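Reviewing the structure listed below.
Owing to the predicted nature of the structure, the values given are computational and were not obtained by experimental measurement.
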Amino acid sequence: MNSALIILFSIIVFSGFFLDKKIALGSTKIYNLTAYRIIAIVVFVFYVTFRAYSVGIDTQMYYIRYTRSANYSFFQMLFHYKELRYGTSEIGYMCLECLIKQFGFDFRALLFTVSVLFIVSVTWLIYRFSENHLISFLLFICFGYMSYSMCFMRQFVAISFCLFSIKYVQERKFKAFLACIFMAALFHTSALIFIPFYFVSRIELNSKRKIILVCVIVFVNLFSNLFFRIIVQFGRLDYSNSAPGGGSGMNMYLLVTALIALYFSNQLIEQSDSNRMLVWMAIMSAIVFPVVMNVAAMHRTAYYYTIGSIALIPNLISSAKNKTYKYVLAAFYSFMAVYYLINVVGGSGNQFLPYYFYWQV
């Protein structure tokens, strides 16, 4: 872990200790979380925007694509997208490139725009659902969502719109929800996988349904290869020669988290009805991830659901009424976070570590 990342952890941890706690205002006590969220947004956006182009496996590729967009105006790209597109980039992302370039900004303005959208959406998720902002922000780093956002920019813009759509899932505004998913799909069509969430999140989790869901999760894990072969028949790309995705350890983590969430679901929902959303995101993670995990180009589709774990985990720990359960859960997720940071985020080949700012290279 290099000095830049140590500084990032220090800012998030120390500002969290000072601000993520009750402060006295007259006769009342409130959490001074607004300042903490602002600090977190500023710091994360700074790190993502001013990274060296060597940080993030696809950053240099996106830079090359951005320089190509200088040849076209926003309206040329909008109306002649099929002729001008490169690779598998969707129209939303390419139009965004052209628009920023047309105003005379360089590639770092695109990094800033994408990072603001994603970091704000994650902060909104934490604000709306998490019982402990500090833990959620640390999990955001440790489980790689910050680093992956520097690699898979188009998809993490799509994830941003999907996170914002959860508000409309809660409010049962289907048209607004679909509008968010449509915007997400303009940047990455994989966002369509989030549509079922609107419907499944309405299902009440009684004892019978919990047993059925456990059976479904186990069944999908046992026959994941079969489901994968079926799904790729409808894909727009040939994944037969794609790089392996791996992730068996992450699959077990998601499986265990889904089962724990189901076990504690009554206590979670008693704590806050909003936790129902997080429990269903965990369930969908355990169903989707084993099917797509074996191909690197596909396993990222599960991120639309797995990112909910950064808000779910602190809520699981706080909802456990038995102290032994609290300590076990805290120890398990602490171990998983540190292990994932060191062995996966740091050693996955995504070129996140060592992290450098652009002026350091």
Side-chain angles (χ1 to χ4, degrees), residues 117-118 121-130 136 140 143 145 148 152 154-206 209-210 212-214 216-217 219-221 224 227 231 234 250-251 253-255 257-262 264-265 268-269 272-293 298-313 315-316:
L117 186 59
F118 178 59
S121 70
V122 169
T123 305
W124 177 85
L125 175 76
I126 293 170
Y127 157 72
R128 189 79 176 235
F129 295 100
S130 176
S136 291
F140 172 67
F143 283 119
Y145 295 106
Y148 295 151
F152 318 121
R154 291 184 298 120
Q155 186 160 18
F156 276 78
V157 173
I159 289 174
S160 303
F161 285 106
C162 289
L163 291 179
F164 287 131
S165 76
I166 297 175
K167 167 182 169 62
Y168 303 112
V169 176
Q170 289 184 293
E171 296 174 358
R172 297 305 169 197
K173 295 180 179 179
F174 186 58
K175 291 181 179 179
F177 169 78
L178 280 184
C180 287
I181 302 303
F182 173 75
M183 286 296 298
L186 290 178
F187 288 86
H188 210 285
T189 53
S190 62
L192 297 176
I193 200 171
F194 203 68
I195 291 177
F197 184 68
Y198 184 89
F199 302 100
V200 298
S201 62
R202 304 180 68 174
I203 301 173
E204 295 291 333
L205 291 169
N206 57 35
R209 286 170 181 160
K210 289 180 188 178
I212 293 173
L213 284 169
V214 170
V216 169
I217 291 171
F219 181 78
V220 171
N221 274 266
S224 58
F227 287 112
I231 289 173
F234 302 96
M250 173 57 74
N251 185 45
Y253 155 75
L254 294 173
L255 175 62
T257 298
L259 296 178
I260 293 174
L262 280 169
F264 286 104
S265 60
L268 281 164
I269 295 170
S272 172
D273 191 65
S274 296
N275 283 330
R276 189 189 312 275
M277 301 286 119
L278 301 179
V279 173
W280 272 107
M281 290 182 80
I283 294 167
M284 294 298 292
S285 299
I287 293 173
V288 173
F289 191 82
V291 177
V292 299
M293 70 176 183
M298 286 188 67
H299 83 280
R300 303 191 301 266
T301 57
Y303 293 172
Y304 294 96
Y305 293 110
T306 65
I307 197 169
S309 65
I310 67 173
L312 173 65
I313 289 170
N315 296 5
L316 272 174

Open item on the list: Run the side chain to side chain donor-acceptor pair (under 3.5 Å) test against Thr257 and tell me which residues pass, sequence neighbours left out.
Closed with: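 Result, side chain to side chain donor-acceptor pair (under 3.5 Å) vs Thr257: Tyr333.
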Side chains of [X] and [Y]: closer than 4.5 Å at any heavy-atom pair?
| X | Y | value |
| --- | --- | --- |
| Trp124 | Phe129 | yes |
| Tyr303 | Phe156 | yes |
| Val216 | Ile283 | no |
| Ser165 | Ile181 | yes |
| Leu268 | Leu312 | yes |
| Tyr148 | Arg300 | no |
| Gln170 | Arg128 | yes |

Closest approach of [X] to [Y] (non-hydrogen atoms, all atoms of both residues):
| X | Y | answer |
| --- | --- | --- |
| Ile307 | Leu125 | O-CD2, 3.9 Å |
| Phe194 | Ile166 | CZ-CG1, 4.0 Å |
| Tyr304 | Ser190 | OH-OG, 2.6 Å |
| Ala158 | Phe187 | N-CB, 4.4 Å |
| Ser130 | Ser136 | OG-OG, 2.6 Å |
| Ser160 | Phe118 | OG-CA, 3.1 Å |

Between [atom1] on residue [X] and [atom2] on residue [Y], distance to nearest 0.5 Å:
| X | Y | atom1 | atom2 | answer |
| --- | --- | --- | --- | --- |
| Ile217 | Met284 | CD1 | CE | 10.0 Å |
| Asn315 | Ser309 | CG | OG | 11.5 Å |
| Leu192 | Cys162 | CG | SG | 8.5 Å |
| His188 | Ile193 | NE2 | CD1 | 11.5 Å |
| Leu254 | Ile287 | CG | CD1 | 12.0 Å |
| Ile260 | Leu255 | CD1 | CG | 9.5 Å |

TODO: Examine distances only and state if a side-chain atom of Asn221 and a backbone atom of Pro290 form a donor-acceptor pair shorter than 3.5 Å.
DONE: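 Side chain of Asn221 to backbone of Pro290, a donor-acceptor pair under 3.5 Å: no, none is there.
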TODO: Check for a donor-acceptor pair, side chain of Asn206 on one end and backbone N or O of Arg209 on the other, with a separation under 3.5 Å.
DONE: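 Pair found, side chain donor or acceptor close to backbone of Arg209.
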Task: Audit row: Trp280, Tyr305, side-chain contact (heavy atoms from CB on, under 4.5 Å) steps and yes/no - done: CA-CA 9 Å; Trp280 272 107; Tyr305 293 110; over 6 Å; no
Task: Pairs flagged by side-chain hydrogen bond (donor to acceptor under 3.5 Å, both in side chains) wherever residues 192-205 is involved - sequence neighbours left out - done: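 For residues 192-205, and leaving out neighbouring residues, the side-chain hydrogen bond (donor to acceptor under 3.5 Å, both in side chains) pairs sorted by first residue read Glu204-Arg276.
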Open item on the list: Before you tell me yes or no, could you show the steps for Leu117 and Phe161 under side-chain contact (heavy atoms from CB on, under 4.5 Å), namely the whole-Å CA-CA distance, both residues' side-chain angles and the distance that decides it to 0.1 Å?
Closed with: CA-CA 9 Å; Leu117 186 59; Phe161 285 106; 3.9 Å; yes
- [ ] Please say whether more than 12 non-hydrogen atoms of neighbouring residues, nucleotides or ligands are located less than 6.0 Å from NZ in Lys210.
- [x]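 Above 12, so yes.
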Open item on the list: Using the ring centroid of each side chain, check whether Phe143 and Tyr253 are separated by less than 6.0 Å.
Closed with: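 Yes, the ring centres sit under 6.0 Å apart.
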Task: Centroid separation Phe174 to Phe199 less than 6.0 Å - done: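 For Phe174 and Phe199, the ring centres are under 6.0 Å apart.
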Open item on the list: Run the side-chain contact (heavy atoms from CB on, under 4.5 Å) test on Lys175 and Tyr168 for me, step by step, so that the C-alpha distance in whole Å, both residues' side-chain angles and the decisive distance to 0.1 Å come before the verdict.
Closed with: CA-CA 9 Å; Lys175 291 181 179 179; Tyr168 303 112; over 6 Å; no
Task: Test log, rule side-chain hydrogen bond (donor to acceptor under 3.5 Å, both in side chains), inputs Thr306 and Tyr145 - done: CA-CA 10 Å; Thr306 65; Tyr145 295 106; 2.9 Å; yes
